[in-house]
Each structure stands twice: as C-alpha cells, then as structure tokens.
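Worksheet for the structure shown next.
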Amino acid sequence: MSVDTTKVAKTNATTAASPAKPSKLAGAATWADERLGLGGVLKKNIRKVFPDHWSFMLGEIALWSFVVLLITGVLLTLWFVPSMSEVQYQGSYDQLRGIYMSEAMVSSLNISFDIRGGLLLRQMHHWAAMLFIGSMMIHLMRVYFTGAFRKPREVNWVIGSLLLLLGTLEGFTGYSLPDDLLSGTGVRAADGFMKAAPVVGTYMSFFLFGGEFPGEAIIPRLYIIHVLLIPGLLLALIAAHMMLVVYHKHTQWPGPGRTEGNVVGYPMLPVYAAKAGGFFFIVFGATALMGGLMTINPVWKYGPYDPSKVTAGSQPDWYMGWPDGALRIIPGWESSFWGVTLSWNILLPILILPIAFWLLVMMLPFIEAWITGDKREHHLLQRPRNAPTRTALMVSFMTFYGLLWAAGGNDIIAIRFDMSINAITYFMRGAVFIGPLVAFIITRRWCISLQRHDNERLLHGYETGVVSRSAEGGFSELHLPYSEEKQYTLTARDRDEILPLASAEDANGVPAPDGRASKLRLKLRKWWYGHNVQKPTVEDFEQAHHHGDDHAVEGESSKELH
Ligand code: HEM
Ligand code: HEM
C-alpha cells in the first residue's frame, strides 16, 4: 500500500523525476516526449495512488462492458446490412425461408445462423448492453449512497447522468436495428410517443422517418445514430469522466491513516493497471460465457416486423420497462382545445415523467448542497446509515422505479398469478405514490437505528455471546470493545451541523429578497438532519467506561474524537 500525501487540491503536483536509463526504449520515449510532451503527463499519473474497495469495481464493469460493446459492435458492422429494402430470405433457418423481409432482418438472421461465431457475437453484444446499463445504474447508487457525488465531484455526477441517458438511447437504437417484430413494435411505439407531443409531434415523426411511418429511412438513420453518433458521444464523455476521476483523485473509505487530504491505496503502475487490466478479461469472459450459453433476443422466433401483428410475446429490454409501466397504469386522460387533442396519458408517462425524473437525479448533488449549505470538499466516503435522509431518498426513488417497472409487466403478473389486470392497475396507481413514501420513512428510521447501534457498540462493546453468572446469581453477557482501528473508523465522521442562514432581514429590517426561500431552506435543513445520531464524545466514552457500566470491559477510547 502506498500513501499519497500530496494535498488533494493540488492533484497534479509533480514529483521529482528519476533520470531515465539510456536504452532504445528511452530513446523512443524521449523522441515522443520532445514532440508530444507526454513525459510530464505520465510522470504525474503513473504513480497515482488509487484506493481500493470492492464497490469501486462497479464503475469498472460499466467501463469494460462498454469496451466489449465497442469490440463486438464493430465486428457486427462487418455483416449487418442497415437497409429496409425488401428481399426474400434464403438462409438456413427453415421456418422463415422464402419469406419477404428487410435486408436488415436477413442480415441479422445470417449473422445468427450462417456466419461462424455470429450468434455468439450478437448475443455477447446484447448481454454486454445489459451489463453496461445495469452496472451503470448500480454504480450510480454506490456513488450516491456513499456521498461520492459531493464537492468537487458534482460535474462528474452530471457527466454520469448524461452517460445513463445516452446508454439507454443507444440500447433502444440497437435493438431497433434487426427489424424484427420486437424492433418494429418499439419503433412504432416511439412514433406514437413523438406524435403525442403537442404542435411539433407530427413534424418530428415525419422528420425522423423521412415521411409517413415506417418508410424506408428509419433503419439506416438509426444505424448511423447507433454506430457513430451515440458511441462517439459516449466515448468522449467516458474519457472526460475518467479524466475527472484522476484529477479529483478517487474517494476513499475512512480508516486509520486516511484523511481528507491524502489518498491511501495502490499506485496506478504496476498494481492498479494490472488489476484493472485483468478485470477487463474477467468482464469479457463473463460476457462471452453469457453470450455462449444464454439466448437473448431470438429474432428468428419473432419473425420480421409486420404492423398487423400486435404482440410478439416479446418485451423491450428491461431498462425501458419503467416508463412503459407508467404508460400502462395512467388513466386515459385527454383534453381537447380548438379541435386539437392533448393526450396526457402519453405525454405525462413517456415525455414528461422520464425527463423530469432524469433531471431530478442529475440535480441531486446540487439539491443536497443547497439544502445543507455544505460547501466543503469531501474525499472521505460516508456510510449510507450516516446520511439517513439521503439514503432514504434514493431508496424511495428505487421503490418508485421498481413499482413502475413491475407495472410494465402487469400482463405477465396477471397471467402468472391469475389476477385481474384491472386490480393490478388500480393497486399500482396508489402504490407508486404511497410505496416511495413508506420506503422513505422506513429507511430513515432504519438508518437512525443503525447509527444508535453503532454508538451502543462503541460505548459498551460488542456482544460476545459469553454469559456469566455473578456471585449474587445475576446473569450478564460479556461485552468486548472494538479494536482501536475499528473504533477510529466508526468515529471518523463529521458531526452534522445545521448551519445558520444569512439573516432574512438586513440591518434596517428590510426583508431579504429571497426571505421565503431562506425560510424554506432552513426548514429543509433541519428536516434533512432530522433525528440523526451524532458520534459519541470523549465524555460519553469516559462515562461509559468509568461510571458504573456493567457490561463494558475496560477498553481504549478513540483518541480521534473531536
Ligand atoms: C453503449 C454502446 C452500445 C449499446 C448499449 C448497444 C446495444 C445494442 C443492442 C441491444 C443491439 C441489439 C442486438 C440484438 O440484435 O440482439 C445492438 C445491435 C447492434 N449494434 Fe450495438 N450497442 C452499442 C454499441 C455499438 C457500437 C459501438 C457498434 C458499432 C460500431 C454497434 C453495432 C451494432 C450493430 C451492427 C447491431 C445490429 C446487430 C444485429 O442485431 O444483428 N453497437 N446494439
Ligand atoms: C458509461 C458509464 C460509466 C462509466 C464507464 C463509469 C466509470 C467510472 C469509473 C471506472 C469510476 C472509478 C471507479 C468507481 O468509483 O467505480 C467512476 C467514478 C465515478 N462515477 Fe462513473 N461511470 C459511469 C457512469 C456514471 C454515472 C451514471 C454516474 C452518476 C450519475 C457516475 C458518477 C461517478 C462519480 C461521481 C465518480 C467518482 C466517484 C469517487 O471518486 O468515489 N458515473 N466512474
């Protein structure tokens, strides 16, 4: 383990360089350095220290699954034909031979049945897409739950939110490409959603489809968006995301020797590069295994897109499920103005809700900072229990998302559990509002009890399970103190402070222009920290250890308490 003691703010401070050995490699390096100035950049970063924790692996899974997507995607372009011209299928899949379909669908079938390793590639590409979006979401939660989005990492959070949006769009354009029944159903739904937009809707649809739906232009257009436009944007944003991780330095968990001003971990070279590089092969191997063993998107079963067939028995990829759920449970609200119908039942769940929810998630770091007034830099992570309101907020978002997602499968729930689809719809209409509220209350209380539990153990030691009987006949359980290291780690956190606001009035009693906002802010600030439990003071420790605590066994108190 190395400790990087440079101040975090001075992230790019250079260290003294050792003279390079004169060798062929050094000659080449000097040649490149003199022209590109890479030496300085490398010197700064090659020994950069990266802290270690299993949860930091989630961002890496997103990164490496993106690389797998790039590799498999580029290979797929060798055989995929993005054309809607109708041809007769003559390939080796018996059941569809002789049927007319688009060249795109024919090429997808050929990739699946006639090109050696083609099905593996398609399935690896699709599984990698699942892994990419899934790991990105779990990574988002880890960053949020541990407070890693706080100053100075807000911009990286915003970049991450853009990545999430673009990744979802990339997935949608991807599974629209093979032009099978699932693709067509999805694209047709997108056409309907667009047309629900007031005034510009029909124009947008005509613009995208190059005329009336479906036309002959949509697959080539989606293809360019899928293989060029969005991957280019993703690549640029991921590069910026990584550069910011290096620039800010990675956050770390508190522990002995770790402060807000240093980073404890392994150097980039050789340790971290080897670990991360090796991890790429694990992600690649896992995707290959899934692609090789598990069917995904069997386009041959659905057949080519046919507007007269309403259902393919197919579902969109899971990350599209939640707006679909909102669409399924919203009442059929519509209003008419001057002969124009506004379809709220589509506008709200598909256009307004996802954008509003995404904006809210993107703004979370700024909302929290506005409420708490905390302007400090944070490089030490927080345990979720030590930020009860924040943790509860994300759990309520997850509940909202999960319930809408379940509503997206209302037909499957109805069939599998032999239930009335109307009953499920009515239940979900209430549950999406009540569920998140209940989840919020339970999580917050849960976190606060966990905080109490921590304090209890810090002050009175942990239960050993050893019960002893006193001379008087009473029973008591032996408690032992935590190790000094653990005590330090548990108490290495700030006290929550409800910072005062600037006065709502000036010296002459004139109310400040944002007086109302300030009052609201103060109320929210008090609510945010609610009943949080603060870490014990030195006095608490002394009292617990020396004044009649039956359970506590003499132990060391943390010397790091403030
Ligand atoms: C974040 C990145 C990406 C995601 C999430 C993604 C997602 C998808 C998905 C879900 C499919 C449908 C696969 C299927 O038919 O089962 C697909 C198909 C395809 N993707 Fe991607 N993709 C990504 C990047 C790329 C890149 C970079 C390329 C090429 C440069 C590419 C090329 C293709 C091609 C050619 C197909 C059609 C293959 C076929 O279905 O037969 N993809 N993509
Ligand atoms: C294409 C998708 C993404 C990739 C490839 C990616 C990759 C990474 C990697 C490798 C790290 C460092 C290791 C780690 O902490 O896991 C990281 C850190 C970070 N990511 Fe992402 N990420 C992605 C999406 C997101 C999203 C959706 C968010 C949030 C909205 C986000 C916010 C952050 C933040 C704030 C950090 C710094 C965390 C810290 O220093 O503790 N990322 N990302």
Side-chain angles (χ1 to χ4, degrees), residues 50-51 53 55-82 104-105 107-112 115 118-119 121-133 135-144 146-150 152-180 182-183 219 222-223 226-228 230-232 234-235 237-238 241-242 244-246 248-253 276 296-299 317 319 358 361-362 364-365 378-379 381:
F50 210 85
H53 189 261
S55 65
F56 304 163
M57 187 183 68
L58 297 163
E60 280 186 57
I61 300 183
L63 181 65
W64 297 134
S65 51
F66 178 67
V67 176
V68 177
L69 279 167
L70 286 180
I71 297 172
T72 50
V74 169
L75 286 173
L76 282 172
T77 59
L78 300 182
W79 298 286
F80 182 75
V81 184
M105 175 76 184
S107 68
S108 289
L109 288 173
N110 288 342
I111 294 174
S112 307
I115 284 150
L119 183 58
L121 264 186
R122 262 198 63 226
Q123 300 206 139
M124 272 181 81
H125 192 69
H126 209 131
W127 277 120
M130 305 287 98
L131 205 60
F132 177 62
I133 297 176
S135 58
M136 203 180 345
M137 284 190 179
I138 302 176
H139 168 60
L140 178 151
M141 287 175 212
R142 126 50 205 145
V143 168
Y144 189 74
T146 58
F149 58 85
R150 291 171 299 166
R153 295 180 180 78
E154 303 97 321
V155 177
N156 228 10
W157 175 271
V158 172
I159 294 180
S161 313
L162 286 168
L163 285 170
L164 188 60
L165 184 73
L166 286 170
T168 312
L169 283 177
E170 178 71 345
F172 177 79
T173 53
Y175 73 65
S176 301
L177 289 181
D179 204 22
D180 63 317
L182 170 66
S183 296
I219 297 285
L222 288 179
Y223 185 67
H226 185 78
V227 303
L228 197 71
I230 302 183
L234 282 172
L235 210 55
L237 285 172
I238 290 178
H241 196 64
M242 293 297 91
L244 279 181
V245 170
V246 171
H248 293 137
K249 297 194 174 178
H250 202 280
T251 53
Q252 62 185 346
W253 284 100
I296 189 162
N297 201 17
V299 286
D317 280 347
Y319 46 86
W358 176 76
V361 169
M362 190 175 75
L364 280 173
H378 294 278
H379 302 284
L381 293 171

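Remember, it's 1-based here, ligands and their atoms both numbered in the order they're listed. Bear in mind the structure is a predicted one, so any value in this text is a computation, not a measurement.
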Practice task
Go through ligand 1 atom by atom and flag the ones less than 4.0 Å from a non-hydrogen atom of Leu70.
Solution key: 27 (C)
Problem - Sub-3.5 Å N/O-N/O distance, His250 and ligand 2 - result: yes
Problem - Contacting atoms of ligand 1, where contact means under 4.0 angstrom from a heavy atom of Ala129 - result: 5 (C), 7 (C)
Practice task
Spell out, as yes or no, whether a donor-acceptor pair under 3.5 Å connects the side chain of Ser107 to the backbone of Phe80.
Solution key: no
Exercise for the section: Evaluate the side-chain proximity of Ile61 to Leu131: yes if any heavy-atom separation is below 4.5 Å, no if none is. Expected result: yes
Exercise for the section: For the pair Ser183 (side chain) and Tyr175 (backbone), establish whether a donor and an acceptor sit closer than 3.5 Å, ignoring hydrogens and angles. Expected result: yes
Exercise for the section: Give me the ring orientation class for His125 and His226: parallel if the planes are under 30° apart, tilted from 30 to 60°, perpendicular past 60°. Expected result: perpendicular
Problem - Distance from atom 17 (C) of ligand 1 to nearest protein heavy atom, with residue and atom - result: His125 CD2, 3.3 Å
Problem - From Leu58, Leu63, Ile61, Leu166 - option closest to atom 5 (C) of ligand 2 by heavy atom - result: Leu63
Exercise for the section: Determine yes or no for a side-chain-to-main-chain donor-acceptor pair under 3.5 angstrom, with Trp64 supplying the side chain and Ala276 the backbone. Expected result: yes
Handout entry: ligand 1 N/O within reach of Tyr223 N/O, cut-off under 3.5 Å
Key = no
Practice task
Just jot down the ligand 1 atoms closer than 4.0 angstrom to any heavy atom of Leu234, in number order.
Solution key: 1 (C)
Exercise for the section: Would you tell me whether Asn156 and His248 have side-chain atoms, one donor and one acceptor, within less than 3.5 Å of each other? Expected result: no
Fill in the blank from the handout: Closest to atom 3 (C) of ligand 2 (heavy atoms only, candidates Ile138, Leu237, Leu163) is Leu163
Practice task
Nearest 0.5 Å please: distance from the OG atom of Ser65 over to the CD1 atom of Ile133.
Solution key: 9.5 Å
Fill in the blank from the handout: Closest to atom 40 (O) of ligand 1 among protein heavy atoms sits Pro178 CG, 3.2 Å
Exercise for the section: Would you mind checking which non-hydrogen protein atom is closest to atom 38 (C) of ligand 1, with the distance to 0.1 Å? Expected result: Leu76 CD1, 3.8 Å
Handout entry: Polar proximity ligand 2 side, Met57 side, N/O cut 3.5 Å exclusive
Key = no
Practice task
Classify the side-chain pair Arg122/Ser108 by whether it contains a donor and acceptor separated by less than 3.5 Å.
Solution key: no
Handout entry: For Ile238, atoms of ligand 2 separated by under 4.0 Å from a heavy atom
Key = 1 (C)
Practice task
Select one of side chain, backbone, both or neither to describe which atoms of Phe66 lie under 4.0 Å from any atom of ligand 2, heavy atoms only.
Solution key: neither
Handout entry: Phe132 touching ligand 2 at heavy-atom level, < 4.0 angstrom
Key = yes
Practice task
Give a yes or no on whether the backbone of Ile230 and the side-chain of Glu170 come within a donor-acceptor separation of less than 3.5 Å.
Solution key: no
Exercise for the section: Check whether any side-chain heavy atom of Thr251 lies under 4.5 Å from a side-chain heavy atom of Arg153, and answer yes or no. Expected result: yes
Fill in the blank from the handout: heavy-atom search around atom 4 (C) of ligand 1 in the protein gives Glu170 CG, 3.3 Å
Exercise for the section: Answer with side chain, backbone, both or neither: which part of His248 has a heavy atom less than 4.0 angstrom from an atom of ligand 2? Expected result: neither
Exercise for the section: Measure the distance from atom 36 (C) of ligand 1 to every protein heavy atom, then report the residue, atom name and distance (to 0.1 Å) of the closest one. Expected result: Leu177 CD1, 3.7 Å
Handout entry: ligand 1 atoms in contact with Pro231 (distance to a heavy atom under 4.0 Å)
Key = 27 (C)
Problem - Nearest neighbour in protein (non-hydrogen) for atom 29 (C) of ligand 2 - result: Trp157 CE3, 3.5 Å
Exercise for the section: Nearest 0.5 Å please: distance from the CE atom of Met124 over to the CG atom of Leu69. Expected result: 9.5 Å
Handout entry: ligand 2 contact by Ser161, heavy-atom criterion under 4.0 angstrom
Key = yes
Handout entry: Identity and distance of the protein heavy atom lying nearest atom 11 (C) of ligand 1
Key = Gly174 C, 3.3 Å
Handout entry: Side-chain donor-acceptor contact under 3.5 Å, His53 with Arg142
Key = no
Exercise for the section: Could you check which N/O/S atom of His226 is closest to atom 21 (Fe) of ligand 1? Expected result: NE2
Practice task
Measuring from atom 21 (Fe) of ligand 2, name the closest N, O or S atom belonging to His241.
Solution key: NE2
Practice task
Working to the nearest 0.5 Å, report the span between CD1 of Ile115 and CG of Leu78.
Solution key: 9.0 Å
Handout entry: Top protein contact for atom 16 (O) of ligand 1, by heavy-atom distance
Key = His126 ND1, 2.6 Å
Exercise for the section: Find all atoms of ligand 1 within a distance of less than 4.0 Å from any non-hydrogen atom belonging to Ser108, and give their numbers and elements. Expected result: 39 (C), 40 (O), 41 (O)
Completion exercise
So for Thr251 against ligand 2, with non-hydrogen atoms under 4.0 Å, the contacting part is both
Handout entry: Closest approach of any protein heavy atom to atom 25 (C) of ligand 2, naming residue and atom
Key = His139 CD2, 3.3 Å
Practice task
Before signing off on this row, confirm whether Ala62 and ligand 2 have an N or O atom pair separated by under 3.5 Å.
Solution key: no
Problem - Per-residue contact class, Arg142 against ligand 2 - non-hydrogen pairs under 4.0 Å - result: side chain
Fill in the blank from the handout: Note: ligand 1 atoms sitting under 4.0 Å from heavy atoms of Ile111 are 41 (O)
Handout entry: Non-hydrogen side-chain atoms of Val361 and Trp157 separated by less than 4.5 Å
Key = yes
Exercise for the section: Report the nearest protein non-hydrogen atom to atom 15 (O) of ligand 1: residue, atom name, distance rounded to 0.1 Å. Expected result: Arg122 NH2, 3.0 Å
Completion exercise
re atom 35 (C) of ligand 2, the protein heavy-atom contact at minimum distance is Val143 CG1, 3.5 Å
Exercise for the section: Identify, for atom 37 (C) of ligand 2, the protein heavy atom at the shortest distance, and state residue, atom and that distance. Expected result: Arg153 CD, 3.9 Å
Completion exercise
Under 4.0 Å between heavy atoms, the region of Met242 that gets near ligand 2 turns out to be side chain
Problem - Per-atom contacts of ligand 1 with Asn297, taking only distances under 4.0 Å to non-hydrogen atoms - result: 14 (C), 15 (O), 16 (O)
Fill in the blank from the handout: If you scan protein heavy atoms around atom 28 (C) of ligand 2, the nearest is Gly160 CA, 3.4 Å
Practice task
State, with a plain yes or no, whether a side-chain heavy atom of Phe149 is found less than 4.5 Å away from one of Glu154.
Solution key: no
